[in-house]
Colleague: 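The structure that follows is given in the form of structure tokens.
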Amino acid sequence: QVQLVESGGGLVEPGGSLRLSCAASGTRTGAYFMGWYRQAPGKQRELVAVITNRGSTTYVDSVKGRFTISRDSVKKTVYLQMNSLKLEDTAVYFCNYKPGDFWGQGTQVTVSS
């Protein structure tokens, strides 16, 4: 059973930065996708960024150039560096692992002045 533990959320002013972490346990060797999704109040959950075991990355257009996803394979941890945060980035951010479609508990990111 894969378990994901997120950390790093919080309150930040517009233009600020935060780094989210997602530590995985119970994973097996082989191909995987680890990603960050977010869900704002009243909106559907959306993919923010994903990284594969080979290091390939994909971003939603709204965060390109501002967010960076990376991984530490030894620590089995995925990071999301978020810069130039905007009000519309406010959401609960969830870590996801595939295969198996496992989710973390979510961490709140609030961008507010």
Side-chain angles (χ1 to χ4, degrees):
Q1 183 80 358
V2 174
Q3 292 187 325
L4 305 172
V5 179
E6 302 125 331
S7 61
L11 173 64
V12 65
E13 293 184 346
S17 298
L18 284 173
R19 189 176 82 153
L20 306 182
S21 299
C22 174
S25 61
T27 59
R28 299 181 179 182
T29 57
Y32 66 80
F33 293 81
M34 284 191 74
W36 289 95
Y37 289 70
R38 66 186 179 187
Q39 187 166 20
K43 295 188 177 181
Q44 290 188 333
R45 191 172 297 190
E46 67 169 351
L47 175 66
V48 176
V50 65
I51 189 166
T52 73
N53 56 298
R54 294 190 175 187
S56 298
T57 59
T58 303
Y59 298 90
V60 67
D61 286 347
S62 61
V63 308
K64 287 180 180 177
R66 300 189 298 122
F67 291 11
T68 303
I69 190 169
S70 62
R71 76 194 194 291
D72 184 325
S73 298
V74 175
K75 295 182 179 179
K76 296 185 179 181
T77 300
V78 171
Y79 305 96
L80 185 68
Q81 178 65 44
M82 305 185 293
N83 298 329
S84 302
L85 282 160
K86 303 177 180 180
L87 297 176
E88 53 264 40
D89 294 319
T90 296
V92 179
Y93 285 69
F94 296 90
C95 182
N96 176 262
Y97 177 93
K98 295 179 175 62
D101 204 25
F102 296 94
W103 293 91
Q105 80 282 0
T107 185
Q108 177 71 46
V109 172
T110 302
V111 184
S112 175
S113 54

Colleague: Report the C-alpha distance between Glu6 and Leu20 in whole Å, list the side-chain angles of each, state the deciding distance to 0.1 Å, and finish with yes or no for side chain to side chain contact (heavy atoms under 4.5 Å, CB included).
Modeller: CA-CA 7 Å; Glu6 302 125 331; Leu20 306 182; over 6 Å; no
Colleague: Any donor and acceptor pair, going by atom type alone, linking the side chain of Asp72 with main-chain N or O of Val78 inside 3.5 Å?
Modeller: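 Pair absent, no side-chain N/O of Asp72 close to backbone of Val78.
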Colleague: Could you report the tightest heavy-atom contact between Cys22 and Trp36, atom names first, then the distance?
Modeller: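 In this case the closest contact between Cys22 and Trp36 is CB-CZ2, 3.5 Å.
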Colleague: Going by the side-chain hydrogen bond (donor to acceptor under 3.5 Å, both in side chains) test, which pairs reach into residues 10-20, not counting sequence neighbours?
Modeller: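 Listed by first then second residue: Ser17-Asn83.
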Colleague: Please check: side-chain N/O of Tyr59 versus main-chain N/O of Ile69, any donor-acceptor pairing under 3.5 Å?
Modeller: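 Yes, because the side chain of Tyr59 sits within donor-acceptor range (under 3.5 Å) of the backbone of Ile69.
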Colleague: For Tyr97, enumerate each residue passing the ring-ring contact (aromatic ring centres under 6.0 Å, His included) test, keeping only those at least two apart in sequence or located in another chain.
Modeller: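 So Tyr97 forms a ring-ring contact (aromatic ring centres under 6.0 Å, His included) with Tyr32.
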Colleague: Does atom CD of Gln3 have more than 12 heavy-atom neighbours, drawn from other residues, nucleotides or ligands, at distances under 6.0 Å?
Modeller: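 Result for CD/Gln3: open.
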Colleague: Can you measure from CZ (Arg71) to OG1 (Thr52) and round to the nearest 0.5 angstrom?
Modeller: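 Output value for this atom pair is 6.5 Å.
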Colleague: Under the side chain to side chain contact (heavy atoms under 4.5 Å, CB included) rule, what do Met34 and Asn53 come out as? Steps first, then yes or no, please.
Modeller: CA-CA 8 Å; Met34 284 191 74; Asn53 56 298; over 6 Å; no
Colleague: Ignoring hydrogens and angles, tell me if any N or O in the side chain of Ser112 forms a donor-acceptor pair with the backbone of Thr110 under 3.5 Å.
Modeller: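 It does not hold such a pair.
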Colleague: Determine which pairs satisfy salt bridge (Lys or Arg N to Asp or Glu O under 4.0 Å) with at least one residue from residues 81-93, sequence neighbours left out, and list them in order.
Modeller: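 Listed by first then second residue: Arg38-Asp89, Arg66-Asp89.
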Colleague: Quick check: closest heavy atoms across Val111 and Leu87, and the distance to 0.1 Å?
Modeller: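 Scanning both residues, the minimum pair turns out to be O-CD2, 3.3 Å.
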Colleague: Calculate, to the nearest 0.5 Å, the distance between atoms CD and OG1 belonging to Gln108 and Thr90 respectively.
Modeller: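 So the CD of Gln108 and the OG1 of Thr90 are separated by 7.5 Å.
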Colleague: Using a 6.0 Å cut-off, check whether atom NZ of Lys98 has over 12 heavy atoms from anything other than its own residue.
Modeller: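 Yes.
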Colleague: Minimum heavy-atom separation for Ser21 and Thr77, please, with both atom names.
Modeller: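 The answer is CB-CG2, 4.4 Å.
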Colleague: So which atom in Gln105 and which in Leu4 form the shortest heavy-atom distance, rounded to 0.1 Å?
Modeller: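 That closest heavy-atom pairing would be OE1-O, 3.6 Å.
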Colleague: Under the 3.5 angstrom rule, does the side chain of Thr107 hit a backbone N or O of Ser7 as a donor-acceptor pair?
Modeller: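 Not confirmed, Thr107 side chain does not pair with Ser7 backbone.
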Colleague: What is the minimum heavy-atom distance between Ser113 and Pro14, and which atoms define it?
Modeller: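 Heavy atoms only, the tightest pair is N-CD, 3.8 Å.
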Colleague: Working to the nearest 0.5 Å, report the span between OG1 of Thr68 and CE of Met82.
Modeller: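 That separation rounds to 11.0 Å.
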Colleague: Sequence neighbours excluded, which residues qualify as side chain to side chain donor-acceptor pair (under 3.5 Å) partners of Lys43?
Modeller: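 Counting only residues at least two positions away or on another chain, Lys43 forms no side chain to side chain donor-acceptor pair (under 3.5 Å).
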Colleague: With clusters built from Ile, Leu, Val, Met, Phe, Trp and Tyr whose side-chain heavy atoms come within less than 4.5 Å, directly or transitively, what are the remaining members of the cluster of Leu47, listed by chain and number?
Modeller: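 Its cluster partners, ordered by chain and number, are Phe33, Tyr37, Val50, Val92, Phe94, Trp103.
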Colleague: Filter on ring-ring contact (aromatic ring centres under 6.0 Å, His included), then keep only pairs touching residues 62-93, sequence neighbours left out; what's left?
Modeller: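 Qualifying pairs, neighbours excluded: none.
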